[in-house]
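Notes for the one structure printed next.
The first residue in the sequence is number 1, and the count goes up from there. Hydrogens, waters and symmetry mates are skipped; everything else that's a heavy atom, side chains included, is used. Note that the structure is predicted; figures quoted are calculated from it, not measured.
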Amino acid sequence: MTTTPGDRLSTQPAAGPTGPASYFPSIEKNYGRPVDHWIGLVREQQAAGTVRHGELVTWLKTEHGMGHGHANAVVAHTLGLVKAGV
């Protein structure tokens, strides 16, 4: 049996954001604020002395009612921006 290119599964990634950014539309929908709002809050909290990833995730969960996956995505993205100097 022979196959044609149309018969094979695509090995190219799906279009759209990947990594933490893939959570952003859901975060905005569920919490009613743009992602930049949450990034700003994490930056402020970090500047105030809460610098560890897990502490920031816990803070978003307890103070803002964010789910673990969403909080983790925001913190990971924000800390990546900080590390890159953005």
> Sequence neighbours excluded, which residues qualify as side-chain hydrogen bond (donor to acceptor under 3.5 Å, both in side chains) partners of H37?
Replying inline: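 With neighbours one apart ignored, the set is empty.
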>> So, taking the atom named CZ in R33 and the one named CD in E28, what distance separates them when rounded to the nearest 0.5 Å?
In response: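 Between R33 CZ and E28 CD, I get 12.0 Å after rounding to 0.5 Å.
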>> As an exercise, state the distance from CD1 of I39 to CD of Q46, rounded to the nearest 0.5 Å.
In response: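 The CD atom of Q46 is 12.5 Å from CD1 of I39, to the nearest 0.5 Å.
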Show which side-chain atoms of residues 19-26 pair as donor or acceptor with protein atoms under 3.5 Å away, not counting sequence neighbours.
unit_1: S22; atom_1: OG; unit_2: G19; atom_2: O; d: 2.6
unit_1: S26; atom_1: OG; unit_2: N30; atom_2: ND2; d: 3.0
unit_1: S26; atom_1: OG; unit_2: H70; atom_2: NE2; d: 3.2

> Is it true that the side chains of T50 and Q45 contain a donor and an acceptor less than 3.5 Å apart?
Replying inline: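 Result is yes, a qualifying pair exists.
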> With sequence neighbours excluded, what pairs up with H64 under the side-chain contact (heavy atoms from CB on, under 4.5 Å) test?
Replying inline: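 Here the qualifying residues are W38, L41, W59, L60.
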Without placing hydrogens or testing angles, list every side-chain donor-acceptor pair under 3.5 Å for residues 72-86, not counting sequence neighbours.
unit_1: N72; atom_1: OD1; unit_2: H53; atom_2: NE2; d: 2.5
unit_1: T78; atom_1: OG1; unit_2: V74; atom_2: O; d: 2.7

> Taking all atoms of both residues into account, what is the closest heavy-atom pair of K61 and A71, and its distance?
Replying inline: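 Between these two residues, the closest heavy atoms are CG-CB, 4.0 Å.
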